[in-house]
Amino acid sequence: MKRLVIFDLDGTLLNTIEDLGRAANHALEVNGFPTHSVASYPFFVGNGVRKLIERVLPEDINKELVIDKMLADFKAYYNDHNTDYTVPYPGITDMLDWLQEEGVKIAVASNKYDLATQKLIRHYFPEINFVAVEGQKEGIPVKPDPSVVFSILAQARERKSDTLYVGDSGVDMETARRACIDSVGVTWGFRPEKELVEYHAGYIVSTPIEIEKIVEQYIEQ
């Protein structure tokens, strides 16, 4: 039986790409660099905000000289604007409600920095009693390192075999593989389905209700 479902945040529970793109473009603009179309940002995100800033900066500059300033500008803007355009994907809230009603523990493991992760979860899912919400913290490696998953397992007091990890990217599928837990790849997020296949997603789903069905089959066992 699956007693714990761990979710990625960006591209899995929430469509955050517009606010992420606008924050990164703000940081680029105030530092005198060219901006990018929001449509290009799904391929910049996924490995934490520092890697996002590295990716959006021009290739022909010494990024180490500007990245800390860029990060500060990004966070100052994003902290104030991270709910401007962000929305839960269709069916997500109903799916979380169902899991909670079934007694399944719910957690979040995100590469988004922890302050923003906590704020977004409180804002969009106030009725859900998450057993753990973990964003990226100083000194803790980002996914696909499985440290964040191990932290959640300890907090939830659940076994790997009773856990399901849900995400939208190869990073997420690799995180689950390294943690030795079953994975679900969602097709509505930031990365193409072929990436989920390449990273050996245990299941691939196109609607949140399919996650309910996967969990339900374990409940019935």
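Hydrogens, waters and symmetry mates are skipped; everything else that's a heavy atom, side chains included, is used. Position 1 is the first residue of the sequence; numbering continues from there.
- You'll find the side chain of Leu9 reaches within 4.5 Å of the side chain of Ile121, heavy atoms only.
- Put simply, the side chain of Tyr41 does not reach to within 4.5 Å of the side chain of Phe190, judged on heavy atoms.
- Between Leu120 and Lys112 the shortest side-chain heavy-atom distance falls below 4.5 Å.
- When atom types are taken as modelled, the side chain of Gln100 and the backbone of Glu127 share a donor-acceptor pair closer than 3.5 angstrom.
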Going through the checks in order, is the side chain to side chain contact (heavy atoms under 4.5 Å, CB included) test met by Tyr85 and Ile17?
CA-CA 8 Å; Tyr85 296 94; Ile17 205 68; over 6 Å; no
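- In plain terms, the two heavy atoms of Ala107 and Ile152 that are nearest each other are CB-CG2, 3.5 Å.
- No donor-acceptor pair closer than 3.5 Å links the side chain of Tyr199 to the backbone N or O of Gly185.
- Proximity of Leu4 to Leu153: side-chain heavy atoms (C-beta onward) are separated by under 4.5 Å at one or more points.
- One hydrophobic cluster holds both Tyr124 and Val108 under the rule that ILVMFWY side chains link at heavy-atom gaps under 4.5 Å.
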Are Ile204 and Thr187 close enough, and set up right, to give a side chain to side chain contact (heavy atoms under 4.5 Å, CB included), and what steps lead you there?
CA-CA 7 Å; Ile204 296 178; Thr187 62; 3.5 Å; yes
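- A donor-acceptor pair shorter than 3.5 Å can be found between the side chains of Gln155 and Glu134.
- Taking 4.5 Å as the limit, some side-chain heavy atom of Asn82 sits within range of a side-chain heavy atom of Lys119.
- Residues Tyr89 and Thr12 fail the side-chain proximity criterion, which asks for heavy atoms closer than 4.5 Å.
- Salt bridge annotation for Asp19-Arg22: absent, with no cationic side-chain nitrogen under 4.0 angstrom from a carboxylate oxygen.
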Test Glu174 against Arg178 for salt bridge (Lys or Arg N to Asp or Glu O under 4.0 Å), laying out the working first.
CA-CA 6 Å; Glu174 179 65 9; Arg178 294 188 188 186; 2.9 Å; yes
Apply the test side-chain hydrogen bond (donor to acceptor under 3.5 Å, both in side chains) to residues Asp182 and Tyr165: give CA-CA distance (whole Å), side-chain angles for both, the deciding distance (0.1 Å), then the verdict.
CA-CA 6 Å; Asp182 293 332; Tyr165 183 99; over 6 Å; no
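- For the pair Asn62 (side chain) and Glu64 (backbone), a donor-acceptor distance under 3.5 Å is present.
- The shortest heavy-atom contact between His26 and Asp73 is CD2-O, 3.8 Å.
- Phe74 places none of its side-chain heavy atoms less than 4.5 Å from the side chain of Met70.
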Before you tell me yes or no, could you show the steps for Lys213 and Glu216 under salt bridge (Lys or Arg N to Asp or Glu O under 4.0 Å), namely the whole-Å CA-CA distance, both residues' side-chain angles and the distance that decides it to 0.1 Å?
CA-CA 5 Å; Lys213 292 177 180 178; Glu216 193 170 39; over 6 Å; no
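- Nearest approach of Ile6 to Ala109, heavy atoms of both residues: CG2-CB, 3.8 Å.
- A salt bridge does not link Arg191 with Asp168: every distance from a Lys NZ or Arg NE/NH1/NH2 to an Asp or Glu carboxylate oxygen is 4.0 Å or more.
- Here the shortest heavy-atom pairing between Thr175 and Pro144 reads OG1-CA, 3.0 Å.
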Mind running side chain to side chain contact (heavy atoms under 4.5 Å, CB included) on Arg159 and Asp162 for me, showing each step along the way?
CA-CA 5 Å; Arg159 299 179 299 180; Asp162 295 330; 3.0 Å; yes
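- Cation-pi contact between Lys75 and Tyr113: present, with separation from the ring centre below 6.0 Å and deviation from the ring axis of at most 45°.
- Heavy-atom minimum distance, Asp172 versus Gly167: OD2-CA, 3.6 Å.
- The closest side-chain heavy-atom distance from Val49 to Gln136 is not below 4.5 Å.
- Glu210 places a side-chain N or O within 3.5 Å of a backbone atom of Thr207 that can act as its donor or acceptor partner.
- We find that Lys143 and Asp8 are joined by a salt bridge, their nearest charged nitrogen and carboxylate oxygen being less than 4.0 Å apart.
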Could you check Gln118 against Val133 for side chain to side chain contact (heavy atoms under 4.5 Å, CB included), going step by step and ending with a plain yes or no?
CA-CA 7 Å; Gln118 300 291 338; Val133 176; 3.7 Å; yes
Under the side-chain hydrogen bond (donor to acceptor under 3.5 Å, both in side chains) criterion, do Asp114 and Thr117 qualify, and how do the steps go?
CA-CA 5 Å; Asp114 192 59; Thr117 299; 5.3 Å; no
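- Closest of all the heavy-atom pairs between Ser183 and Ala176 is CB-CB, 3.6 Å.
- Phe44 has its ring centre less than 6.0 Å from the ring centre of His36.
- Put simply, the side chain of Lys51 never gets that close to the backbone of Gly46: no donor and acceptor are under 3.5 Å apart.
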